Amino acid sequence: MSTVFDINALARENVRKLVPYMSARRLGGRGDIWLNANEYPIAPDFQFTENTLNRYPECQPTTVIQRYADYTTLQPEQILVSRGADESIELLIRVFCEPGQDAVLICPPTYGMYSVSAETFGVEQKKIPVNANWQPDITAIKNNLDRVKLIYICSPNNPTGNLIDPAALRQILELASGRAIVAIDEAYIEFCPQHTTLRWLQDYPHLVILRTLSKAFALAGLRCGFTLASADIIALMQKVIAPYPLPTPVADIAAQALTKTGIETMKKRVAEITRNRAYLQHALSQLAWVEKVFPSETNYILVKFTHAEWVFKTLWQQGIILRDQRQQPGLEHCLRITIGSRNECEQLVRAISVLSNPLQQPKETENP
């Protein structure tokens, strides 16, 4: 006779309580215009060229590493390639943080995987909200560094779209010197390459930079990310990374994307998105339901709406899928909008411009 057994009783307590990161695909929706995941709207054209699928891939594909080294003017031993930058976020926690002892520090509102990864591994989080200008609160960070081994800073920041002041970044690096790793997430840096902290690696041995091919390179489905750091940090991360993190097809296409031609194509793509962003920012700022369009250095914008929930749900029902940010601290009434094609941007503007006042909608009457 079988007995009823709750498998959850075997799971770690922190996992039972964990609220997973709700990615765009996990949230679902049915739409024709997807503006919720910061993806490029048109699929790039790459062909798989390898014929060695019977063999395990290299742990760190030599061609991919060398081409990214050439792209960033770093040495190959300063680069780790992984399954998206998300894997790098977890690897850093595994290398540097003792569960139950150490802590990570984050500055919300920011990318949600820093928090989820720390919680998954049972590592304490110290959440220091940004100030009114969406910049790190340096004084609060200074006063909360006890037991902190790892600091995550996203610049440009997701979901706000703003750059972190370089002076603030340097202050954080100075405060963390000798006691913590500072990981600067540059997932969107190709949209403002002049603001990268790459050159700082020679001055700060505890600096780590996270990168990805998901955004400007238009390869979100490839799941290919990079960690840039000192050779010593990379060596530590190689101890805990999976034996074969990058499938052969992924490495093949990543190497193609990082050729001279691939990089030039990426730059043209960035210029296109930047033009569409300027159009969308201006067009939305003229609409009645829009309270504020925030500046952005990325492929998305944050917009504060009157009746944001109603706008979000109405567009969702019309197949225009945005990202709701209203639950993030300090982002009440805000939606995040990916910059799509020009046609998608125009359709979005038209859809919002014809929305009627929700307070004037006729109420449904009950059946007598």
Side-chain angles (χ1 to χ4, degrees), residues 24 31-42 109-111 130-135 154-165 185-196 214-218 220 266-316 318-326 328-355:
D32 302 310
I33 301 178
W34 294 90
L35 304 178
N36 64 335
N38 302 341
E39 303 154 320
Y40 186 67
I42 302 170
T110 193
Y111 182 44
V130 296
N131 63 29
N133 296 319
W134 290 340
Q135 294 296 321
C154 192
S155 183
N157 187 43
N158 178 12
T160 55
N162 65 291
L163 283 160
I164 304 303
D165 184 350
D185 189 339
E186 292 189 347
Y188 299 91
I189 202 64
E190 274 83 13
F191 295 96
C192 50
Q194 68 275 22
H195 296 290
T196 182
S214 295
K215 311 305 179 185
F217 282 90
M266 177 272 291
K267 291 179 179 179
K268 293 177 182 177
R269 191 179 296 121
V270 166
E272 173 201 357
I273 291 296
T274 301
R275 289 191 298 269
N276 290 347
R277 185 182 69 202
Y279 160 77
L280 188 59
Q281 286 173 314
H282 175 74
L284 289 178
S285 68
Q286 309 301 307
L287 301 183
W289 303 117
V290 174
E291 292 187 21
K292 185 170 183 178
V293 179
F294 294 95
S296 174
E297 297 285 347
T298 65
N299 66 340
Y300 57 87
I301 56 176
L302 189 71
V303 182
K304 185 176 183 180
F305 286 91
T306 303
H307 306 300
E309 181 180 9
W310 166 73
V311 171
F312 176 79
K313 289 182 176 179
T314 303
L315 294 178
W316 177 288
Q318 295 177 18
I320 301 175
I321 313 300
L322 310 183
R323 185 70 176 220
D324 191 349
Q325 296 293 333
R326 294 176 300 121
Q328 288 254 39
L331 301 187
E332 295 82 3
H333 313 296
C334 288
L335 306 178
R336 193 192 69 190
I337 304 173
T338 302
I339 308 302
S341 67
R342 184 58 174 263
N343 181 56
E344 289 175 332
C345 292
E346 291 173 348
Q347 288 188 64
L348 172 66
V349 171
R350 285 196 297 269
I352 297 175
S353 67
V354 299
L355 292 178

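Keep in mind it's a predicted model, so treat the numbers as computed, not measured. Start at 1 with the first residue, then count along the sequence. Just so you know, these numbers use all the heavy atoms, side chains as well, and skip hydrogens, waters and symmetry mates.
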- prompt: Any Lys/Arg nitrogen of Glu272 or Lys268 sitting under 4.0 Å from an Asp/Glu carboxylate oxygen of the other?
  reply: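 Salt bridge flag = no for Lys268 with Glu272.
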Would you find a donor on one side and an acceptor on the other, under 3.5 Å apart, between the side chain of [X] and the backbone of [Y]?
| X | Y | answer |
| --- | --- | --- |
| Ser285 | His282 | yes |
| Asn276 | Gly340 | yes |
| Asn162 | Trp134 | yes |
| Asn133 | Gln135 | no |
| Trp289 | Val311 | no |
| Glu344 | Pro41 | no |

- prompt: Between atom CD1 of Ile352 and atom CD of Gln318, what is the distance when rounded to the nearest 0.5 Å?
  reply: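 Rounded to the nearest 0.5 Å, the CD1-CD separation comes out at 9.5 Å.
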query: Is the Tyr188-Tyr300 ring centre distance short of 6.0 angstrom?
result: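 Yes, close enough.
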Where is the tightest heavy-atom contact between [X] and [Y], given as atom of each residue plus distance?
| X | Y | result |
| --- | --- | --- |
| Ala308 | His333 | CB-O, 3.4 Å |
| Tyr40 | Arg269 | CE1-CG, 3.0 Å |
| Thr110 | Cys154 | OG1-CB, 3.5 Å |
| Pro159 | Leu331 | CG-CD1, 3.6 Å |
| Pro156 | Cys192 | CG-SG, 3.5 Å |

Could you check whether any side-chain heavy atom of [X] comes within less than 4.5 Å of a side-chain heavy atom of [Y], counting everything from C-beta outward?
| X | Y | value |
| --- | --- | --- |
| Asn157 | Val130 | no |
| Thr314 | His307 | no |
| Val303 | Leu322 | no |

message: Looking at His195, I'd like to know if its NE2 atom is crowded, meaning that more than 12 non-hydrogen atoms belonging to other residues, nucleotides or ligands lie closer than 6.0 Å.
response: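 Yes, NE2 of His195 has more than 12 neighbouring heavy atoms, counting only those of other groups under 6.0 Å.
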- request: Check Thr298, Asp324, Asn158 against Arg336 for a side-chain hydrogen bond (donor to acceptor under 3.5 Å, both in side chains) and give me the one that passes.
  value: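 Passing option: Asn158.
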